[in-house]
Structures are given as structure tokens and as C-alpha cells.
Amino acid sequence: MKKQWWKILAILLVGYTITAGLLADVPRLPILNETVRVLHFHVPMWFGMVALFTASVAYSIKHLTNPLLKHDTYAIEFANTGMLFGILGILSGSLWAKFTWGAFWTNDPKLNGAAIALLIYAAYFILRGSFNDEQQRSRVSAIYNIFAYATLIPLLFILPRMTDSLHPGNGGNPGFNIYDAASQLRFIFYPAVIGWTLMGVWLTSLRIRLHIIKQKHNESLEEKMLLDRSRAVAERS
């Protein structure tokens, strides 16, 4: 139970986020109105995505310094979950944009930067599939993962602030923190960031365990095949 406390915390925080985020009173800001509720889902998803991609690149760097395949496994699984959170962030943000800007997608630097960043990470998964040798795949993937992360930060947090943007908090457009309502939103927003991030780590840990089980199963099958072949050769001789 001592090792499971963070999983219980994740369930409680996400449950609280979903319930309060959908049912609690929200400030009636101009234009936003009820759509401000997406703040508790869209933004925390992106926070979780960045945290997961950070863990992924950390394991890639660790793999380059100490080439163990388990480091590569951690890197790819954290990237998988980070990609899932990124897609959910895009979808929830598009839904919000439809009600506030009148379209699911606009030619906005923040949106375009997010799409480009996810496409760069999509290439990471495609690159991994182009190698048969595990050692070569893990080394090349680790190097590319570092490049992908190095482009993620400028595309999401630097370039949108240097240009005109409709997105809150970018391009001179004010964020939610300038409103008096920000204090009311924080009671749900901050638990949401922690909850969704912990949920992402939990999902990643499950994927890692599943990967290890599959790997051990494949190894046992290979050993069985080699044993069967050796027996067949012995019987023929």
C-alpha cells in the first residue's frame, strides 16, 4: 500500500477534476462563459505531455551514456503516453476554439507549433520501425528523441510569445491569470495538473510492464524453438 499511494492520489485528483471541472460554478468571463471549463482538461494535458516527454528524453540521454535496452524501453513508453496526452490536448483545444474563435482550427502560431511538434514526435515512432537491430534502433532513436524535445520547447513556449497569437498568454494576448477569476479556477486547475500527470506516469508504468512481459514471452518461445531443434537433430543422429 505504501508504494500505491500516488496511484490512489491520481484517481482522487482526476475524479475531483472531472466532477468539479464539469459541475462546479465557473466565472462568467466575456466570450468564454462555460467553455472556460476546458482549462481543467486541455492545459493539464499539455503539462502532462511535457512532463512525459521530459522523462522520455532523460531516459534517451541515459541510454546513450549507459546503453541498456531497459532505458530505451522507458524512453519509448514515456513518449507513447506523452503523444497520447498531446493528441488529447489538441482535441480538447480544438473543441474550445470552435466555441471561442468560431473554428476548430485557425492559422495561429501556438496551434501550428503544437501540430508541428506532434508530427516531429510521430516521426520518432516511424523511425523506430525502420530498424531491425535493437541496439542500432535504440541508439538512433535516442539521438532523434533529443532533437524532438529540443524543438518541442521553442515551438510551444517561445515562438508563440514572439508573434501575434489568439491563444491566451501568447503574443500579447492576456492569460487567465490577469482575471480576478483566476483564484477560483486554481482550486481545480492545480489538482488537475498533478492528477493528469500522475495518471500519465501510471499508464506508462503499465505499458512498461506489458512490454517486459511480452519480451520475456518472446524469449521463452525462442528458447523453446531452439530446444525443439536441438532435440530433432539429436533424434536424427
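Counting from 1, the numbers follow the sequence of the chain as shown. All heavy atoms count here, side chains included; hydrogens, waters and symmetry mates do not.
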Is it true that Asp133 and Arg139 make a salt bridge, defined as a side-chain N closer than 4.0 Å to a carboxylate O?
->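 Salt bridge flag = no for Arg139 with Asp133.
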Find out if a path of hydrophobic residues (ILVMFWY) with successive side-chain heavy-atom gaps under 4.5 Å connects [X] to [Y].
X      : Y      : value
Phe131 : Phe125 : yes
Leu156 : Leu91  : yes
Ile61  : Leu69  : no
Trp46  : Ile158 : yes
Leu68  : Val140 : no

So, taking the atom named [atom1] in [X] and the one named [atom2] in [Y], what distance separates them when rounded to the nearest 0.5 Å?
X      : Y      : atom1 : atom2 : value
His211 : Tyr74  : NE2   : OH    : 11.0 Å
Leu152 : Phe157 : CG    : CZ    : 6.5 Å
Ile208 : Glu77  : CD1   : CD    : 6.5 Å
Leu84  : Met49  : CG    : CE    : 11.5 Å
Thr19  : Tyr16  : OG1   : OH    : 9.5 Å
Ser56  : Met83  : OG    : CE    : 12.0 Å

Would you indicate whether Asn132, at its atom CG, is surrounded by more than 12 heavy atoms from other residues, nucleotides or ligands within a distance under 6.0 Å?
->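 Atom CG in Asn132 is not packed in, count stays at 12 or less.
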Decide if atom CZ of Phe189 counts as having more than 12 heavy atoms of other residues, nucleotides or ligands within a radius under 6.0 Å.
->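 Yes.
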Do Trp196 and Phe85 pass the side-chain contact (heavy atoms from CB on, under 4.5 Å) test, and can you show the C-alpha distance, the side-chain angles, and the key distance before you say yes or no?
-> CA-CA 9 Å; Trp196 288 116; Phe85 273 43; 4.2 Å; yes
Looking at Tyr149, Tyr121, Tyr59, which hits ring pair (Phe, Tyr, Trp, His ring centres under 6.0 Å) with Phe53?
->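 Going through the options one by one, the only one that passes is Tyr121.
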Under the 3.5 angstrom rule, does the side chain of His42 hit a backbone N or O of Gly89 as a donor-acceptor pair?
->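 The answer is yes, because a donor-acceptor pair under 3.5 Å joins these two groups.
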Under the 3.5 angstrom rule, does the side chain of His71 hit a backbone N or O of Ser60 as a donor-acceptor pair?
->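 No, His71 side chain to Ser60 backbone: no donor-acceptor pair under 3.5 Å.
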Going through the checks in order, is the side-chain contact (heavy atoms from CB on, under 4.5 Å) test met by Thr106 and Leu111?
-> CA-CA 7 Å; Thr106 63; Leu111 301 183; 3.6 Å; yes
For Leu206 and Leu210, what are the C-alpha separation, side-chain angles and deciding distance, and is it a side-chain contact (heavy atoms from CB on, under 4.5 Å)?
-> CA-CA 6 Å; Leu206 293 176; Leu210 180 61; over 6 Å; no
With heavy-atom distances below 4.5 Å as the criterion, would you say the side chains of [X] and [Y] are in contact?
X      : Y      : value
Ile143 : Leu64  : yes
Asp72  : Arg128 : yes
Ile120 : Tyr144 : yes
Ile194 : Trp6   : no
Phe41  : Leu22  : yes
Trp96  : Leu39  : no

Looking only at heavy atoms, what is the nearest atom pair of [X] and [Y], with distance?
X      : Y      : result
His63  : Ser138 : NE2-OG, 2.9 Å
Gly200 : Thr81  : O-CG2, 3.5 Å
Ala75  : Asn145 : CB-ND2, 4.4 Å
Gly21  : His40  : CA-CD2, 3.9 Å

Residue that, paired with Pro44, satisfies side-chain contact (heavy atoms from CB on, under 4.5 Å) out of Thr197, Val193, Leu13, Thr17 |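 Passing option: Val193.
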Could you walk me through whether Ile76 and Tyr124 pass the side-chain contact (heavy atoms from CB on, under 4.5 Å) check?
-> CA-CA 9 Å; Ile76 180 59; Tyr124 168 67; 3.7 Å; yes
